[in-house]
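Report on the structure given below.
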Amino acid sequence: MDLSFTEEEEAFRQEVRDWIPAAMPEDMLETARGAGDFTPEDSATWHKILYEKGWVAPHWPEELGGTGWDAARRFIFAEEMELAGAPPLSVFGLGMVGPLIVSYGTDAQKERFLPKILSAEEFWCQGYSEPGSGSDLASLRTTAEDAGDHFIVNGQKTWTSFAQYADWIFCLVRTDPSVKKQAGITFLLIDLKSPGVQVKPMMTLGHTPAFCDTFFDNVKVPKENVVGGINQGWTMAKALLGHERTLLAMIGPSRNVLQKLKRIAAHKTANGRPMLEDPVWRARIARLEMRFRAHLMVSYRALADQQKGKMPGPETSILKLVGTKLIQELTELAMEVMGESSLTWYNEDVCLPVEESIGPYFCYERAATIYGGSNEIQRNVIAKMILQLPSS
Amino acid sequence: MDLSFTEEEEAFRQEVRDWIPAAMPEDMLETARGAGDFTPEDSATWHKILYEKGWVAPHWPEELGGTGWDAARRFIFAEEMELAGAPPLSVFGLGMVGPLIVSYGTDAQKERFLPKILSAEEFWCQGYSEPGSGSDLASLRTTAEDAGDHFIVNGQKTWTSFAQYADWIFCLVRTDPSVKKQAGITFLLIDLKSPGVQVKPMMTLGHTPAFCDTFFDNVKVPKENVVGGINQGWTMAKALLGHERTLLAMIGPSRNVLQKLKRIAAHKTANGRPMLEDPVWRARIARLEMRFRAHLMVSYRALADQQKGKMPGPETSILKLVGTKLIQELTELAMEVMGESSLTWYNEDVCLPVEESIGPYFCYERAATIYGGSNEIQRNVIAKMILQLPSS
Amino acid sequence: MDFELDPDQQMLAKTVGDFAKNESPVARFRSLRDDEIGYAPAVWQKMGELGWLGIPFSESLGGFGGGFVDCAIVLENLAATLVPEPYLASVVLGGMTLARAGNASQHAAYLAPMIEGETSLALAYAEAQSRYDVGAVETTAAPDGAGYRIAGEKVWVLNGHHADQLIVSAEAPGGVSLFVVPRDAPGLHVKVAKTIDGHKAAFIRLEDVAVGADARLGEEGSGTAVLDRTMDFAAAAAVAEGVGIASTMLQMTIDYLGTREQFGVKIGSFQALQHRGVDMYAETELLRSISMAAMVRADDDDSSVRRSDISAAKYQLATGGIWVAQQALQLHGGIGVTDEHDIGLYFKRMYALNALFGDQEHHVARFASDPAFAEAAV
Amino acid sequence: MDFELDPDQQMLAKTVGDFAKNESPVARFRSLRDDEIGYAPAVWQKMGELGWLGIPFSESLGGFGGGFVDCAIVLENLAATLVPEPYLASVVLGGMTLARAGNASQHAAYLAPMIEGETSLALAYAEAQSRYDVGAVETTAAPDGAGYRIAGEKVWVLNGHHADQLIVSAEAPGGVSLFVVPRDAPGLHVKVAKTIDGHKAAFIRLEDVAVGADARLGEEGSGTAVLDRTMDFAAAAAVAEGVGIASTMLQMTIDYLGTREQFGVKIGSFQALQHRGVDMYAETELLRSISMAAMVRADDDDSSVRRSDISAAKYQLATGGIWVAQQALQLHGGIGVTDEHDIGLYFKRMYALNALFGDQEHHVARFASDPAFAEAAV
């Protein structure tokens with residue numbers, strides 16, 4: 001066992017650490033040091049900077065625009081980005097549909113879509129859930145009717161996060177209603193500028209327009225936009241879900257909230273002294289940090305497996321479960337530490353220093369235990385797949 | 001709303017409070033002030049003292065040996081007994097089979113059994129669970145075969161608490177295997193001195209012989225020992241379970257452990273000062289005491305309903321769930337406060353003052369969330385009966 | 001012992017509950033969130049006409065002479081549909097402070113019109129550094145002729161954006177004192193902040209605001225004791241509202257579990273969700289039960305009787321109440337975290353109630369500092 | 001980064017695991033609970049022959065020259081069947097203290113025979129009032145000619161009832177110091193206590209026990225630093241055992257859920273129990289993962305590197321590990337709380353591990369007192 005990084009890896013870390021502040025525009029550096037409330041435009045700017053450096057898609061194959069880094073370097077890179085508070089990149093293209101096209105797409109799809117994902121010319125969003133199909137995703141009703149060389153798509157997708165900023169959407173649609181529900185689903189790429197598509201942003205609990213309803217009214221979609229074959233959509237969805245799980249470990253966000261929590265507690269006072277020096281508050285923060293360490297080690301185990309080219313072990317199945325709970329507990333504690341100041345929205349600079357705001361982010365993370373397969377569904381799956389408990 | 005007791009009630013409280021130390025033998029008073037580890041013999045002695053005073057069965061009808069007190073006086077009496085740390089009386093006769101016979105027994109049964117329960121001439125135990133029938137009680141297999149004027153009983157009961165000290169057992173037995181499982185069960189009283197009965201004490205987790213396996217090998221039981229009618233046993237069991245629930249609120253034990261916890265924390269030191277003065281430990285104890293108060297108020301609501309002659313409200317369904325969890329959390333915290341001294345058994349006076357021992361009691365209370373309908377079963381029942389959630 | 005409401009109280013509960021359901025459903029709260037005031041002065045006035053604003057004040061003050069239990073009935077029932085009028089801010093915080101600390105002419109001038117619903121009040125007690133310690137006051141009241149000049153900043157003044165009078169705590173030569181200050185006093189600057197729960201609060205800067213000696217409530221130095229008592233009422237009021245919020249969230253969740261279908265069945269048939277529902281029910285009933293003790297004892301002048309149950313109740317709100325809110329949101333799934341669904345509005349209100357008038361650590365520490373705690377007897 | 005065992009370590013894990021399963025199943029532990037010693041000196045000697053007792057000691061001391069990870073492998077695998085021999089007490093507590101603090105002739109006299117399995121050691125560091133503070137020593141070592149006279153009482157001395165030598169901490173003129181004291185020294189009185197987990201510990205009274213200057217380990221005053229370091233190893237060792245206990249309890253529970261039938265089905269098909277099982281799995285894997293960090297870093301001489309992960313691991317034992325033990329018991333239902341079923345033996349061992357070498361509050365406070373904690377960077 002060896003939990004340290006090699007000298008070469010540490011040198012790489014230093015290179016990344018030095019590069020970030022040199023490459024990032026001054027106003028974004030300020031946001032990174034402060035509230036971290038980047039706009040989608042900031043993310044797009046940072047995406048392009050990384051693209052020009054060749055660092056935008058570390059986990060893609062080198063020949064398709066990846067960096068050729070091994071798992072450790074990819075991890076170090078991600079860790080340094082998080083530590084620097086860099087803007088998060090939109091995950092739907094780079095992290096989801098891109099890798100899926102890499103693995104299952106046709107050559108034509110690779111040529112058409114991958115370069116524009118890398119260059120940020122086209123942004124993507126995800127069309128899975130529907131009003132009646134949440135946890136029971138396979139019950140989806142959006143239909144794609146065969147019309148020769150194209151499909152006619154009708155239906156409604158909900159929870160299409162950031163669709164208002166996207167150019168394309170990848171969808172699960174029903175292409176065969178006559179078979180078992182999982183068997184009749186197809187993974188389809190749809191241009192959001194197609195006639196008949198309507199995107200309606202919804203407000204979230206935290207008063208940010210993070211997601212949308214997206215409506216399809218007789219939308220024409222060419223058949224070459226199918227990924228993985230007609231009626232193979234469920235296999236595609238499962239391939240993506242496995243991938244999402246490590247993303248959802250929330251290592252970076254948890255680290256950021258922990259830092260923020262301590263920064264606030266270091267100067268906010270209770271009973272006449274900084275809360276970080278009060279034994280009760282100090283202990284509450286320390287408890288979550290200790291749990292974060294244990295969770296981090298589970299992630300490291302997954303990383304070490306990847307580094308060796310092995311499939312991640314069964315323990316990675318808990319990453320989403322533990323990580324999303326942890327980020328919620330961290331934001332809950334931050335709300336408590338803020339006291340009366342937790343009553344505010346970040347855009348109310350009358351109330352408190354903007355870098356101390358937590359309310360909207362707290363609200364935003366309430367969704368973490370719901371999206372990507374709710375934690376209840378995660379437990380169902382782990383009980384059956386990993387613990388092999390009997391079915392009812 | 002009025003949360004106070006009347007002047008008459010407070011006078012009654014004082015009467016009870018004065019009587020207890022005057023009536024209790026000196027050695028038992030010492031145990032009450034100390035470890036509280038009464039023997040079954042102590043309980044029997046105290047039972048007889050209460051019997052002579054006429055106070056042994058406050059909740060029985062006055063004409064059958066009860067006290068004629070209203071609900072408030074019964075509550076005050078119980079509270080004072082707990083506060084004085086008096087030995088607990090065996091519940092199986094006074095609290096379970098006695099009231100059942102009062103409600104459902106024949107006149108002959110009342111005459112035969114009730115006086116000896118009151119006078120402590122006969123002790124009882126309960127024969128419900130079997131090795132294969134725990135949560136699924138109705139699947140029980142102990143059979144009572146009709147043999148004219150008597151039954152022949154064969155089978156095994158487990159979890160027969162304190163059977164080794166008992167004279168009689170009340171059992172659920174299968175009298176009709178041909179019908180739906182709940183329908184073929186009978187409530188039967190069996191003399192433990194009958195030929196063919198064998199009682200084998202088992203050791204518990206806490207190394208106390210609290211319960212037994214009880215075996216029946218062709219045991220002859222007269223038919224007049226049926227309570228409530230042949231094949232009416234399930235109705236009897238349900239009547240008893242409802243009764244058990246308020247007993248299982250654990251108000252008295254929780255109060256006692258809280259007191260003990262504070263006594264220990266008041267002189268045990270951590271970081272050079274009494275733990276009760278350490279903000280972190282102090283807060284942990286206070287949190288449980290605050291929860292105890294909320295739980296106590298639920299009990300008071302049930303009491304006030306009884307006082308008015310009303311059925312207890314649906315909120316009493318949570319008493320067992322909350323109370324058993326709380327007593328476990330209290331004993332867990334006591335174990336933590338004890339530190340290394342929690343490693344001991346109470347009979348090891350080499351280790352620490354006997355009044356500080358908590359280990360065996362801690363172990364004993366692990367069963368609280370299992371017996372009387374496990375807390376998982378309680379949740380099933382409340383979900384359906386109170387919340388009326390749909391069946392699967 | 002009796003936990004039931006008397007007939008008058010049952011009537012009050014029904015009247016307020018019917019009003020909330022029929023005249024102020026959640027949609028009304030929603031529509032007023034972006035309004036400049038955030039509630040309707042006409043509805044406030046109607047509450048005055050119905051006598052609700054006078055409940056805790058003696059009849060000689062033009063009130064109803066009720067106990068705090070009656071106030072709690074109003075608060076709980078208004079909470080069920082998130083009625084936005086500032087009952088807690090104006091009646092409990094402002095009104096009850098004024099009633100206890102003021103003299104007859106101050107009562108006549110400021111309390112009587114509030115009871116009528118013609119004006120509203122606010123209490124400006126919190127400062128940026130004070131965190132639940134009402135005695136930690138940096139705002140000053142410097143003697144100036146026969147009166148004072150008040151200078152300093154107050155934060156999170158509920159209803160401070162619209163109240164006619166603010167009761168302001170300030171350090172005078174004799175100690176922390178309370179002053180009635182008109183909101184339009186020269187030198188008083190108000191900035192309005194929206195709160196996460198869709199209400200508004202004011203951040204107030206006092207630049208040498210001149211007040212007369214008749215603006216002072218009671219003696220110099222009496223402020224902290226009065227505010228301490230008000231904070232007990234306020235914490236109890238937050239709990240009363242919390243009972244309304246938790247019960248409503250529980251019921252909405254049980255309804256949702258019994259309606260929403262996935263995998264071809266009602267999701268309320270899944271055992272894991274059933275058990276969660278039961279635990280939510282248990283926490284709600286614990287909150288309701290300890291809240292009853294807190295309400296009854298809020299009127300007790302003996303702080304050792306009053307405080308422990310109020311703290312225990314506020315603690316149960318901070319733990320069980322918050323947990324109910326979290327689970328209600330979780331069990332609503334995706335729609336729960338949209339602004340479109342009402343469940344999130346209740347969720348955020350529960351968090352606001354949690355942050356006001358002492359958080360869990362404040363109340364744990366206070367409970368544990370009661371001399372009775374250290375005695376072995378519980 | 002690499003979390004895998006190297007081939008030698010894999011072999012060690014297999015050898016110890018096979019030994020535990022085949023030669024010391026739980027029944028052996030059960031049968032020895034009431035034995036006067038509580039374990040078999042012959043088996044101890046065999047462990048010495050197999051080289052396990054020398055693992056953490058350098059080859060020059062007759063050891064194996066392994067790292068703490070190797071010790072952890074032994075502890076985890078012995079824990080799986082509750083092997084009763086005093087590996088933690090004699091190798092980790094006694095042996096590692098002696099190895100670090102002793103000189104060559106002390107090593108030859110006391111460590112070498114322990115490594116062979118001919119003798120065993122114990123560490124008498126705790127006192128009635130000390131509660132995890134190894135520097136809080138009231139036992140005294142008064143100079144007496146060339147040697148000392150030791151007087152005081154030590155509590156909860158693991159293996160103290162049978163060890164050949166005890167290492168005793170006592171306050172000498174130069175500060176807390178460590179002394180090797182034969183168990184049969186005149187004036188040394190031993191009382192044996194059974195511990196809840198079926199082991200034994202000694203309560204030791206030293207009545208002016210005379211020892212020579214050569215009994216002192218290192219300089220006067222060096223004791224606290226040495227013991228602090230030993231406590232880190234000991235806490236890490238408890239975690240290693242805890243991983244073995246938790247994994248075994250998890251597996252037993254999953255097996256039980258897949259076997260036990262009620263209501264005509266396997267109880268493992270009930271969703272509420274499935275979800276509980278998943279949460280047990282998560283807590284166990286968190287414990288295993290942070291334990292790996294603790295084991296690797298236990299050998300680091302830089303306490304700032306070492307301590308935070310060891311404390312985090314012991315904290316996870318105190319929270320997640322204990323929770324796994326509680327749930328395992330609960331899910332076994334009635335049979336779980338009988339002494340007949342093995343699950344309770346593991347349950348009690350987990351509680352013993354929790355109570356030893358610092359409880360959760362001790363480790364939380366220690367973690368939070370590290371200067372790195374107060375810095376914003378995590």
Side-chain angles (χ1 to χ4, degrees), chain A residues 1-6 9 71-72 75 83 254-256 258-260 262-263 266 276-277 279 282-287 289-301 303-305 307-308 313-318 321-322 376 378-384 386-392, chain D residues 1-6 9 67 69 250 254 257-258 265-271 273-293 295-297 308-309 311-316 319-320 360-361 363-370 373-378:
Chain A
M1 281 204 275
D2 179 7
L3 304 191
S4 51
F5 290 99
T6 64
E9 287 162 352
F75 185 84
L83 280 170
S254 293
R255 206 191 291 270
N256 283 341
L258 255 173
Q259 288 179 346
K260 189 164 188 168
K262 287 190 194 173
R263 274 203 306 271
L276 202 56
E277 290 169 22
R282 192 178 171 85
R284 289 188 65 190
I285 297 171
R287 285 168 176 270
E289 184 169 334
M290 293 167 106
R291 188 161 179 89
F292 171 74
R293 284 206 178 218
H295 177 56
L296 183 63
M297 283 298 143
V298 182
S299 303
Y300 279 177
R301 285 170 67 191
L303 167 67
D305 284 342
Q307 186 76 344
K308 292 194 166 186
E315 73 278 2
T316 54
S317 65
I318 67 170
L321 211 53
V322 175
E376 288 76 16
Q378 299 280 338
R379 287 192 182 90
N380 284 350
V381 172
I382 298 171
K384 296 205 165 66
I386 311 281
L387 303 183
Q388 309 204 291
L389 286 168
S391 295
S392 51
Chain D
M1 250 190 293
D2 187 355
F3 286 85
E4 283 184 26
L5 303 180
D6 66 31
Q9 290 172 330
V69 170
L250 172 67
I254 299 300
L257 292 176
V265 295
K266 304 255 192 313
I267 62 171
S269 66
F270 292 119
Q271 193 190 32
L273 306 194
Q274 291 185 341
H275 285 200
R276 202 91 59 90
V278 170
D279 288 339
M280 290 172 68
Y281 175 67
E283 293 304 326
T284 304
E285 285 302 322
L286 286 165
L287 180 60
R288 182 190 306 284
S289 302
I290 188 67
S291 137
M292 290 170 172
M295 299 315 140
V296 168
R297 291 181 176 142
S308 56
D309 279 324
S311 280
K314 190 69 165 57
Y315 171 73
Q316 173 61 15
T319 51
Q360 58 172 307
E361 301 302 349
H363 284 286
V364 168
R366 196 175 86 155
F367 183 90
S369 68
D370 191 291
F373 177 78
E375 292 162 23
V378 176

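Order of the sequence lines fixes the chain letters, A, B, ..., with proteins taken first and strands second; residue numbering starts at 1 for each chain. Quick note: numbers below take in every heavy atom, side chains included, and nothing from hydrogens, waters or symmetry partners.
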- Query: Considering only heavy atoms, which portion of Ser291(D) lies under 4.5 Å from any heavy atom of chain A: side chain, backbone, both, or neither?
  - Reply: neither
- Query: Taking every heavy-atom pair that is under 4.5 Å apart, which of Glu285(D), Lys266(D), Arg288(D), Gln316(D) has the most such pairs with chain A?
  - Reply: Glu285(D)
- Task: Just do the side chain to side chain contact (heavy atoms under 4.5 Å, CB included) check on Asp2(D) and Met1(A) with the steps written out, would you?
- Result: CA-CA 5 Å; Asp2(D) 187 355; Met1(A) 281 204 275; over 6 Å; no
- Task: Please list, chain by chain and in numerical order, all residues satisfying side-chain hydrogen bond (donor to acceptor under 3.5 Å, both in side chains) with Asp305(A), sequence neighbours excluded.
- Result: none
- Of all of Ala72(A), Ala294(A), Pro279(A), which one pairs up most often with chain D through heavy atoms under 4.5 Å apart? Ala294(A)
- Proximal component of Val298(A), with respect to chain D [non-hydrogen, under 4.5 Å]: both
- Considering only heavy atoms, which portion of Phe5(A) lies under 4.5 Å from any heavy atom of chain D: side chain, backbone, both, or neither? side chain
- Between Asn380(A) and Gln274(D), do the side chains contain an N or O donor and an N or O acceptor separated by less than 3.5 Å? no
- Message: Just so I understand: if I count every heavy-atom pair under 4.5 Å between each of Ala383(A), Pro390(A), Ser299(A), Ala266(A) and chain D, which residue has the most?
- Response: Pro390(A)
- Message: Taking side chain as everything from C-beta outward and backbone as N, CA, C, O, which of these in Ala283(A) sits under 4.5 Å from a heavy atom of chain D? Side chain, backbone, both or neither.
- Response: both
- Message: At a 4.5 Å cut-off on heavy atoms, which part of Ala282(D) comes close to chain A: side chain, backbone, both, or neither?
- Response: both
- Atom pair CZ (Phe292(A)) and CD1 (Ile290(D)), whose distance is rounded to the nearest 0.5 Å: 10.5 Å
- Note on the structure: If one checks every heavy atom of Val364(D) against chain A at 4.5 Å, the contacting part turns out to be both
- Side chain, backbone, both or neither of Leu296(A) within contact of chain D (heavy atoms, under 4.5 Å): neither
- Note on the structure: To the nearest 0.5 Å, atom CD of Glu315(A) lies from atom CG of Leu286(D) at 10.5 Å
- Item | Side chains of Arg287(A) and Phe367(D) in contact at under 4.5 Å (non-hydrogen atoms) | no
- Looking at CE of Met290(A) and CG of Asp309(D), how far apart are the two atoms once the value is rounded to the nearest 0.5 Å? 9.5 Å
- Euclidean distance, Ser4(A) OG relative to Arg297(D) CZ, rounded to 0.5 Å: 8.0 Å
- Partner chain A: residue of Ser308(D), Gly67(D), Gly320(D) with the largest heavy-atom pair count (under 4.5 Å): Ser308(D)
- Query: Looking at Lys308(A), Lys384(A), Glu9(A), His295(A), which makes the most heavy-atom pairs under 4.5 Å with chain D?
  - Reply: Lys308(A)
- Task: Report yes if some heavy atom in the side chain of Ile254(D) is under 4.5 Å from a heavy atom in the side chain of Leu389(A); otherwise report no.
- Result: yes
- Message: Between Glu376(A) and chain D, with a heavy-atom cut-off of 4.5 Å, which part of the residue counts as in contact: side chain, backbone, both or neither?
- Response: both
- Euclidean distance, Asp279(D) CG relative to Ile382(A) CD1, rounded to 0.5 Å: 8.5 Å
- Task: Check whether Leu321(A) gets within reach of chain D through its side chain, its backbone, both or neither, counting any heavy atom under 4.5 Å.
- Result: side chain
- Those residues that, when tested against Glu277(A), pass side-chain hydrogen bond (donor to acceptor under 3.5 Å, both in side chains) (two or more places apart): none
- Message: Between Leu387(A) and chain D, with a heavy-atom cut-off of 4.5 Å, which part of the residue counts as in contact: side chain, backbone, both or neither?
- Response: both
